[in-house]
Every structure is written in structure tokens, then in C-alpha cells.
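Worksheet: one structure, shown below.
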Amino acid sequence: MLRHHHHQRQDVGHHRPPEYQLPHGYDDESGENEDTVDMSLDYPQCDPVFSDYPSSVPQGIPLVIDHGSKNCRMGWAHEKDPRLCFPPIWSKSRSKKDTKSDYVGNDVQATYREKNAGKSSMEGGIVVQWDVEKHVLDHGFSCLGINTESIEHPVVMTEAVCNPPVSRAYTTELMFEGYGVPSLAYGIDSLFSLYFNRPKEAVSGTNLIISCGHHASYAIPVINGRVDGKNTKRVNVGGEHIFQYAKQLLNVKWPNLIDDLTTPIIEGMLHKYCSISNAYCDQLRQLENSSYFHEMALKIQLRVDMALVPSKEQLLVRQGRKKILAARMKQMQLTQTKKRIREYEQNLSSLRKIQQTIEDLDDEDAREVLLENKIASPKTLLKLMVELERKIKRAQRFIQRGEGVEVIEEDDDEEEEEEEETIDEEKYYMLSREYSTLDEDERAMYKKQKFLKSMAEARIRHKQENEQLRKEKMEAKRLLEEEVARDLPAWLDKMAAERSVIWNELSRCKRRKEELSDRRSGASKARMRLLVQQTGGDTTTAPKEFDDFGVNDADWDVYTMISKDDSQNNVEVLEARLSEIDSLVRKYNPSMNKKQEETPESILQNLKHSKRMLLSVERIQIPELLFQPTMAGIDEGGITDMFDMVFPQYDAATQERLAENVFITGGSSLFNGFKDRVYADLRRVRPYDQTIHIYSASDALSDAWRGGASFASNSELLKKHSISKAMYEEEGAYYLQEHFASNGQLKWETSNCPSE
């Protein structure tokens, strides 16, 4: 296992991409655009069952099994392509109603439609679950139509490079003892792929194979036609890690689409729209340019469940139910409003009784009565009464509208026309006399008249303030209506710009508030630092001999800075203004007042918008995991880190031959740009004048099987390098026939071998 190897290349550093936001003007929820692509992939169908055995399969034709971690491919050596391709997974039946007791391969996902629905026979590219392996092989032989008691065909089987001998031994025992095969040959999957594409190089050449599998990636040096297992390097990063990383990123960015991002959808997006960047860090910086972002961003339309789109008849039934429900809700609101009116009237009656009580009392007794009822002053009492009267009027108008009575809308701030109240000085005759000349009864009358006069003056001031406020509102309303009538689009643009500014400021205040709630955040630390600095850096509680804080005006700047952090009041003000803007736009914008009629077409369009996502930086970020596993928290080196570990193990001539014959295979190497990235990174670690040639498998997924079929089709080669039943009985399960595509034979002591 190769751990993360630090190197000096500056432009292949381990960088985390920033959180990119949509540039201004890029609307992800816009209508159908030409750059929107459809993703409607589904889980695979059940594996086919062939019934042409043995009529179409000549006797003695080898059976080729490419046993990978992602898929197991099985077929006959005389055919061009494998007949079966299914994942090596198995699951028990989950229902008593099922006719089958267990499911294997594609039957698992087709039945349960989940990625992790079955148990895999492999971990890290090695077979470890032998009970599952038995089900996998049984399923494959059954689908091929083999109905004999034993497998009467030679078998060629792939394995991982440096496969543990104990794993191979168990496989050998299973094939000979369980299935009765006449002979068995092993080969490394990536070597078979090389043999299919470049047979001469595989047999006798020197090559560096870069194999990117499902669970791991390998750098395999082949020297003169033999695998150098000692210097073969492996990193535990492959297609499964890329899939899980993609799933995490997309679920975080699009949490509303978690159920829609199924395994086929994610894998389809990875294969179709993701690519390896030749200069990852530079491309991340270019994404800050909105034009480049537009060029790279891609809209993905996920599948819409048409069962959610009602017919016209169903829509009429639904609308009828909505009307019934709306009528019920309206009746409940009217009942609640009548209840509130009774409460308001009771409160108003109580306040009027308090007013009548204090009119006959002097100042001190009146204050005591007001304080007992938690009222600060006579002016406050008057405001409470006026406010209750307004609430009663609003509630009564709401009930009248609900009952279908035509209501003349009135401004809530307007009051009923009343005769102008004036201060009658004759009514308060006692106040014109000198207080010191009054007797005890006259002084009581003096206090009472003084209190009543102050109440009258408070009412007059309150009416004057309300009248002034009403005039200001009427003037502002007049100016607003003139501006709207003069140029409605310009006013809407103005409101949109103001709303955008307020929304950004509101978001900033909320983020600031969240940061301050965390004692470990930078904002909380900065706030505490300001407080500590004002004490001269001394955080103890001992008093100073002379505290001169506040003498200078600059000392009070700290409170100004800290008050900016306290954004609760700002949030309330901004939210109120935001609500006001929305209500004004709804009032004056005709298009917003029009209620869109709900039709099956509009419902389908809304569903499509809700199932739409945008791929931008993820298109290069996800496959970059092959080269920078630390992005996902994996403590491994990347593919190019293996170059630093392989080349120094050989002399200059061998290094040159390896660099001239680099072969890429494996399913995870199918990303666009993978070959260019390997070349660029290899170019950085090799001398500038050295020739580098990189070759790719014609079909990175199936060439391992085809190479095994080519190997099996050569009867002389197959006979020479196969393990016969006699060899197995004589040499044991650990015996291996070596050849150009096989692992090397390891010498095991008897004490290290498991008992048979």
C-alpha cells in the first residue's frame, strides 16, 4: 500500500476547490435551454439466460472469466465479446412472496433498485467472501446454460496483481473440487489487456502499466515480459471512491435531489460529463471568470415521474377539494377573528374603566392606579385605547369581506373626523390661582384639574402627531403612485436592485450572528480581542489605581465596532423592509397579481424545474480524486505519486524503456483527459529530452476478457500454462503455472499455509 508521498511539483498541490456560486445573470431555474441535457438512466435489467448450450458451444472450448471488483465478465473463448457482465454481489430474498430464495448480479439491483442491496464477494480487489463467490459462479454458469454436473471446459480466470496466494488457493480448490474443471489458468487482468492490444510487448517487452480499477489503482512495471511484483505499487483509490465522493458532493449541493440521484444517474454523469483536468489548480482559478463558468457549466435534467402529473379530470377534482378546504379555512379564520374582537372589546372596556377611575383622583393616586395596571402614563393609556379601536375596526372589516359585504377600504392611520378639541381655561380655573394660597380642599381640586388638563393636552398632541404622520404617509404614497404610473419597469428594476442589496446585507448579518454564537469562530475571537485590548491586555479582575478609559473620544470607538457585530436589530429592520418591498411589488405589478391557472402542462414544467441541477466545478473536481485522494480525506498518494516510487528502482536504460511504453487500462481510466494528465505529470518527473509514449486500451472495460480469450484460443499456450487436475492433486492448491501474464510463484512455508 502506497501512502501519500510529498513531492516538489508546485502545480499539482492538494487544493480544495472553493465554494463557487452562480455568477450574476446565470439562472439555474430558467426555462428549457439548449445546453440542458437529459439524464434518465435506470437500473440494469436481470441477467439473460442462454439456452443454446451445448449446441452452439463446441466441446472443449475454454471458458474465460474476468473476475473484477465492479463486474464479472464470462464467455466462451471463440466468441468476440463476453456473454455476461454482472456485479459479483448476492442478496437473500427479502419477502416470503418471492419465488426465488436469493438474487445474484444484476438481478439484485433490478429487483431492489439499490446500489448496496447485495453483498459483494470482493474487498479491495481480492475475493474474501467465499460463500458469496460460490453464488456468483453458480449464477454465471447457470446463465450460460451449463446444465452438466461439472464444468467440462478449460477455464481461464483473471486475478489482481500480487493476489495473495491464499486467495488463489481457495479459488483453485473451489474450481477443481466444486466444479470439476479439467484445467485452470490464471492471469493478471491488466496484463491480459496489454496482451490483447500489444501482444509482442506483453510477451517480451518492457512496459509500465497504469491500471485504474474499482477499488484500487496500480503501477505495474513489466520487465522483459515478466511482472516485477516487488516494485509494483498500489493506491487504494478507484472508481468506488470516485462514486462515493461524487455522491457526497451532489447530495450536499442538491439536498432536494437525494432520492433522484440514483446509482445509474451518478455513474452516467461521471462517464459522460466529467473529465480530468490537465492543470487542475489553474482551471479552478479560471472558473472565477463568469464567461468561462458559463462555458463549463452544464444543466442536467433528471427524470420526472409522470405519475405526478395529473390529467385534466384529476386536476378538476383536486381543485374542487382545494375550494372546499379553502372555505373551511376561511370559516375558521372568521371564527378566530370574532373571538379576537371580543377580547379586544373586553380590553378596551377595562382601559376605559381605568380612565374613568383616574379622572376623579389626584396625580399621585392616578399614577399608582396606572402602575398597578402596568401603564406608564396617561399618554400611554390613550395610545393603547386608540390601538385597540383600530384593531377592532380592522377585524370587523375582515369579517365583512369574508361574509361578502362590500367594504370601503380605509387607511388604518386615519381616524374618524372629530371636532377639534381645545383647552377650555375656564374649566381649569383652579390652575390660575397660586398653589400656596389654597387650603386643603382647594389643593386637591388643583391637583385633579392639573391632571385632567395634562390628559387633554396629551390627547391633542397625540392627534397632532397622528395627523402629521398621516400626511407624510399620504404624500409618500402619492409620490410612489406617480413614480409607478410614470415608468413601471424602471420602478420594478429599482425595487429589484434594492431588494438584492437588502438580501445580501441580511445574509451577511445572519452569517455574522451565527459566527458570534460560536465561541471558537474568528468573529467571536475578534470581538473578545477588542475588549481585552481596552484593558491593556490584562484580563485579571484586579482594579486599577486610575482608570482613564473614556477620557479620550477614541476610547468609545470600541463600542461602535462591537455594536456592528450585534446585528439582531439590523436583521429585524432589514426583514421588515424586505417584506414591505415584496408587498409593494405585488400591489403594483400586474403580472404578479395574475394567478396562474394550474394545468397539467404547468405542473409538468414546475416538476422539470425542481428536477434540474447544474454541474460546474464538479466536472473536474470529482475525477481529480484519482490524483489527489486527500481531497476526500483519503490518506493515500495519487496515481502520479506512484511514478516517484517506481522509476528510481531501475537503471537509466530501463527507466527510458518504461517511459516509452506506458499502457493505460481499467474502467476508471475512461475519463476524458486521463491520458493527457498522465503524460503531463510523467513529463514533469522525467528528463526534458526523454521520449514518452502512452498507449491506451481499445476497450478498457472488456479488453482484459478479450486478452484472456486470445490466450485461451492458443491451444499450445493454454496447455503449457494451465494447471491440470493431476497437477492440482500432486502439487496442491498453492501451485501456479507462471507465464508472461501471471503473478510470480511465491515460496510459502508449510507453517504459513492454511490447513486443507
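Keep in mind that this is a model prediction, so the values were computed, not measured.
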Ile375 side chain near Leu351 side chain, heavy-atom distance below 4.5 Å: yes
Got a salt bridge between Arg486 and Glu483, using NZ or NE/NH1/NH2 to carboxylate O under 4.0 Å? no
Student check: side-chain heavy atoms of Asn589 and Met495 closer than 4.5 Å: no
Spell out, as yes or no, whether a donor-acceptor pair under 3.5 Å connects the side chain of Glu387 to the backbone of Leu384. no
Taking 4.0 angstrom as the limit, do Glu343 and Arg340 come out as a salt bridge? no
First locate atom OG of Ser349, then atom CG of Leu388, and finally report the distance between them rounded to the nearest 0.5 Å. 11.0 Å
Please check: side-chain N/O of Ser350 versus main-chain N/O of Gln346, any donor-acceptor pairing under 3.5 Å? yes
Pair Glu598 + Lys322: basic N to acidic O under 4.0 Å: yes
If you measure from OG1 on Thr337 to NZ on Lys330, what distance do you get to the nearest 0.5 Å? 11.5 Å
Return the minimal non-hydrogen interatomic distance between Tyr446 and Arg433, and the atom names on each side. CE1-O, 4.0 Å
So do the side chains of Arg321 and Ile324 get within less than 4.5 Å of each other, counting heavy atoms only? no
Expected output: side-chain Glu472 to main-chain Arg470 donor-acceptor under 3.5 Å: no
State, with a plain yes or no, whether a side-chain heavy atom of Val369 is found less than 4.5 Å away from one of Asn373. yes
Pair Leu574-Trp503, side chain to side chain contact (heavy atoms under 4.5 Å, CB included): steps then yes or no: CA-CA 8 Å; Leu574 293 173; Trp503 180 261; over 6 Å; no
The reported gap from CD1 in Ile266 to OG1 in Thr262 (rounded to nearest 0.5 angstrom) is 7.0 Å
For Lys611 and Leu257, work out which heavy atoms get closest and say how close. CA-CD2, 3.9 Å
Where Leu334 and Phe398 come nearest, the two heavy atoms and their spacing: CD2-CE2, 4.0 Å
Run the side chain to side chain contact (heavy atoms under 4.5 Å, CB included) test on Ile502 and Glu498 for me, step by step, so that the C-alpha distance in whole Å, both residues' side-chain angles and the decisive distance to 0.1 Å come before the verdict. CA-CA 6 Å; Ile502 293 175; Glu498 183 179 356; 3.8 Å; yes
May I ask you to say whether Arg499 pairs ionically with Glu575, meaning some side-chain N is under 4.0 Å from a carboxylate O? no
Give a yes or no answer on whether the side chain of Asp305 reaches the backbone of Leu308 with a donor-acceptor pair at less than 3.5 Å. no
Look at the side chain of Thr357 and the backbone N and O of Lys353, then say whether any donor-acceptor pair between them is shorter than 3.5 Å. yes
Considering non-hydrogen atoms only, spot the tightest contact between Leu480 and Tyr588 and give its length. CD2-CE1, 3.9 Å
Working note: Glu389 + Arg352, criterion salt bridge (charged side-chain N to carboxylate O under 4.0 Å, His left out); need CA distance, chi angles, decisive distance, verdict. CA-CA 12 Å; Glu389 290 174 352; Arg352 285 174 176 169; 3.4 Å; yes
If you take all heavy atoms of Gln301 and Lys608, which pair is closest and at what distance? NE2-O, 3.1 Å
Would Arg443 pass as a cation-pi partner of Tyr435, given that its NZ or CZ must be under 6.0 Å from the six-membered ring centre and within 45 degrees of the axis? yes
Stepwise, does the side chain to side chain contact (heavy atoms under 4.5 Å, CB included) test hold for Arg394 with Arg390? CA-CA 6 Å; Arg394 293 195 202 106; Arg390 290 178 179 174; 4.2 Å; yes
Calculate, to the nearest 0.5 Å, the distance between atoms CG and CE belonging to Leu469 and Met474 respectively. 12.0 Å
Heavy-atom side-chain contact between Leu298 and Arg619 under 4.5 Å: yes
Does the distance from a Lys or Arg side-chain N to an Asp or Glu carboxylate O, for Arg303 and Asp260, drop under 4.0 Å? no
Answer yes or no: is there a side-chain heavy-atom contact under 4.5 Å between Ser291 and Met296? no
Side chain to side chain contact (heavy atoms under 4.5 Å, CB included) between Leu315 and Ile603: does it pass, once the steps are laid out? CA-CA 10 Å; Leu315 197 58; Ile603 294 176; 3.7 Å; yes
Just verifying a value: how many Å separate Glu295 CD and Ser616 OG, rounded to the nearest 0.5 Å? 13.5 Å
With the side chain counted from C-beta on, respond yes when Cys274 and Ile620 share a heavy-atom pair under 4.5 Å apart, and no when they do not. no
If you define the side chain from C-beta out and look only at heavy atoms, does anything of Leu614 sit under 4.5 Å from Ile300? no
Hey, is Lys471 close enough to Glu475 for a salt bridge, meaning N to O under 4.0 Å? no
Thinking salt bridges, do Glu580 and Arg577 make one under a 4.0 Å N-O criterion? yes
At what distance, to the nearest 0.5 angstrom, does CZ of Arg401 lie from CD1 of Ile399? 10.5 Å
For Glu481 and Arg478, run salt bridge (charged side-chain N to carboxylate O under 4.0 Å, His left out): C-alpha distance rounded to whole Å, both residues' side-chain angles, the deciding distance at 0.1 Å, then the answer. CA-CA 5 Å; Glu481 291 177 348; Arg478 183 186 65 81; over 6 Å; no
On a heavy-atom basis, the closest approach of Val309 and Pro600 is CG1-O, 3.6 Å
Quick one about Gln621 and Tyr245 (side-chain donor to acceptor, distance below 3.5 Å, no hydrogens or angles considered), yes or no? yes
